[in-house]
2 protein chains.
Amino acid sequence: MGTLEKSPDCQICAFKSLMFNSLKQDQLSKINTCKEQFHFGKGELVCREGDPINAIIYVHAGLIKLHKRISENQSQIISIAKPFDFVGLISVFSKTNYFYSITAIEDSSICFIAKDCFIREIASNGQFALDILTRMSKTNDDVLEAKFALSSKNLRGRIAHILLDFANNIYKSNEFELPVSRREMAELIDMRMENVIRVMSEFRQDGIIKINGHIIEITNPNMLQKISDMG
Amino acid sequence: MGTLEKSPDCQICAFKSLMFNSLKQDQLSKINTCKEQFHFGKGELVCREGDPINAIIYVHAGLIKLHKRISENQSQIISIAKPFDFVGLISVFSKTNYFYSITAIEDSSICFIAKDCFIREIASNGQFALDILTRMSKTNDDVLEAKFALSSKNLRGRIAHILLDFANNIYKSNEFELPVSRREMAELIDMRMENVIRVMSEFRQDGIIKINGHIIEITNPNMLQKISDMG
DNA sequence: ATCATAACATGATATTTAACATAAAGCGGT
DNA sequence: ACCGCTTTATGTTAAATATCATGTTATGAT
């Protein structure tokens with residue numbers, strides 16, 4: 001269930017995240033005392049659907065997926081969180097229990113900031129609250145827009161979209177190791193696994209991408225963008 | 001572009017909305033001075049995609065749709081807001097311009113609370129900020145979960161889902177007047193208009209619903225629920 | 001190294017959904 | 001009432017996607 005690890009001072013994260021801008025030194029050190037950082041190996045479960053929400057999760061390093069069972073043999077991936085992202089920021093205010101599970105899809109360092117402590121800081125610091133609101137809105141808009149963008153695309157468009165997303169927003173490189181299986185890709189963009197494989201093969205045959213196991217190289221990003229926009 | 005109308009004191013709305021619980025009398029009257037209420041007839045445009053966000057929108061009465069052009073001859077409905085709902089609560093913190101248009105789909109009274117004024121109150125009142133956060137999360141979760149629920153359903157399941165949504169969450173009755181055309185239904189749940197009509201006809205033939213123009217009566221809600229859950 | 005298992009891959013077929021065509025019914029304006 | 005326009009309606013066909021079947025390749029455990 002993850003192993004506790006020595007966590008850096010919040011000060012260090014504060015530089016990297018836009019989150020803590022409005023916190024004064026003493027407030028930051030208060031947050032610092034009510035957080036714990038854990039390490040999760042690839043595939044390890046961070047929390048399970050239905051678990052009580054006791055903390056806000058901050059991705060310090062790695063990559064995690066938020067996912068949900070929708071039937072006996074089918075899951076859905078809601079989103080993927082990357083370093084400096086917060087998870088549960090939205091749910092923590094409106095729900096007492098997670099409506100999704102979280103699993104590491106790369107070795108990850110996850111910081112848990114106690115909910116009570118966090119909320120106390122918000123209530124006593126309006127500017128901090130505003131920062132949180134802004135951050136929350138951004139995350140929310142991103143997830144929602146991603147979902148809307150996908151829902152009007154066909155299979156080829158969806159694959160193109162998600163590959164560009166990995167390249168541009170997560171790995172910042174046209175060559176990267178896909179952190180998810182083909183089945184998980186399917187769960188992320190609402191397709192069948194066979195079709196994910198099929199479409200990726202087509203892209204390979206068309207010279208748009210190179211595939212070497214989980215290593216993907218986008219050789220023709222413009223074409224991929226065009227396919228994403230059209231479909 | 002809507003007609004200005006005499007707006008009730010915020011105090012009155014405060015009772016109906018969970019929103020303003022934490023505002024003291026004097027804060028409430030500050031909000032009261034920076035809001036204006038407008039009336040929009042059915043079909044009237046409230047704001048257009050790209051407009052600057054100057055205010056938070058509160059639905060006092062009626063029903064409005066948030067929608068977005070996705071191509072020359074296609075739109076998408078993002079969500080429908082009902083009385084006591086806030087709109088733009090999320091975008092106001094992360095965006096300067098609307099990424100959707102808003103149109104009244106019933107005669108509606110819409111309250112505009114000036115953004116600056118609202119944000120000032122948040123920054124100076126942490127507890128109020130917490131209330132806003134909670135409210136925002138709820139709205140957000142609802143939209144997101146609705147979208148996710150739909151995406152894994154087939155056509156029949158989607159129609160069943162949206163009909164139950166109207167009955168249970170908006171009109172609180174199994175008989176209601178559909179506020180949207182079949183085309184708009186399609187835009188709301190990602191279908192083609194022809195299929196919306198077709199599936200609804202099927203439901204009628206199966207004795208699950210009665211259709212009289214826009215008047216819908218759900219005669220077998222259990223079956224409809226089953227179809228929604230399965231599909 | 002060998003086995004068992006899961007992931008990847010591809011072809012054939014069935015099902016679902018979209019697109020096209022056409023017509024009837026409702027509705028606002030004159 | 002009549003006209004033009006939009007919405008509702010239904011049948012037909014085409015396209016997209018899911019399902020099923022089967023084989024191959026990777027991967028982890030012993």
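Below, chain A is the first sequence line, B the second, and so on; all start at residue 1.
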* To do: For residues Ile53(A) and Lys95(A), report the shortest heavy-atom separation together with the two atoms involved.
  => CD1-O, 4.0 Å
* To do: May I ask you to evaluate whether His214(A) reaches the phosphate of dC8(C), defined as a side-chain N or O under 4.0 Å from OP1 or OP2?
  => yes
* **Met193(A) atom CE, neighbour heavy-atom count above 12 within 6.0 Å** => yes
* Please identify each residue that fulfils salt bridge (charged side-chain N to carboxylate O under 4.0 Å, His left out) with Lys68(A), with sequence neighbours left out. => Glu49(A)
* **Ser152(A)-Gln74(B) side chain donor-acceptor pair, cut-off 3.5 Å** => no
* Nucleotides bounding contact with chain B, strand DNA chain D, heavy-atom threshold 4.0 Å -> dT8(D) to dT12(D)
* Asked: Hey, is the main chain of Ile208(A) close enough, under 3.5 Å, to the side chain of Asn220(A) for a donor-acceptor pair?
  -> no
* Asked: Checking Asp107(A) side chain against Lys42(A) main chain: does a donor-acceptor pair fall under 3.5 Å?
  -> yes
* Roughly, in whole Å, what's the span from CZ in Arg183(A) to C1' in dT5(C)? -> 14 Å
* Asked: What's the shortest heavy-atom distance between Leu45(B) and Phe40(B), and which atoms?
  -> O-CE2, 3.6 Å
* To the nearest Å, give me how far apart CE (Met185(A)) and P (dC8(C)) are. => 10 Å
* Heavy atoms only: give me the nearest Met200(A)-Ile211(A) pair and the separation to one decimal. => O-CD1, 3.6 Å
* To do: Mind running a 4.0 Å heavy-atom check of residues 188-205 of chain A against DNA chain C and sending the residues that fall below it, in number order?
  => Glu194(A), Ile197(A), Arg198(A), Ser201(A), Arg204(A)
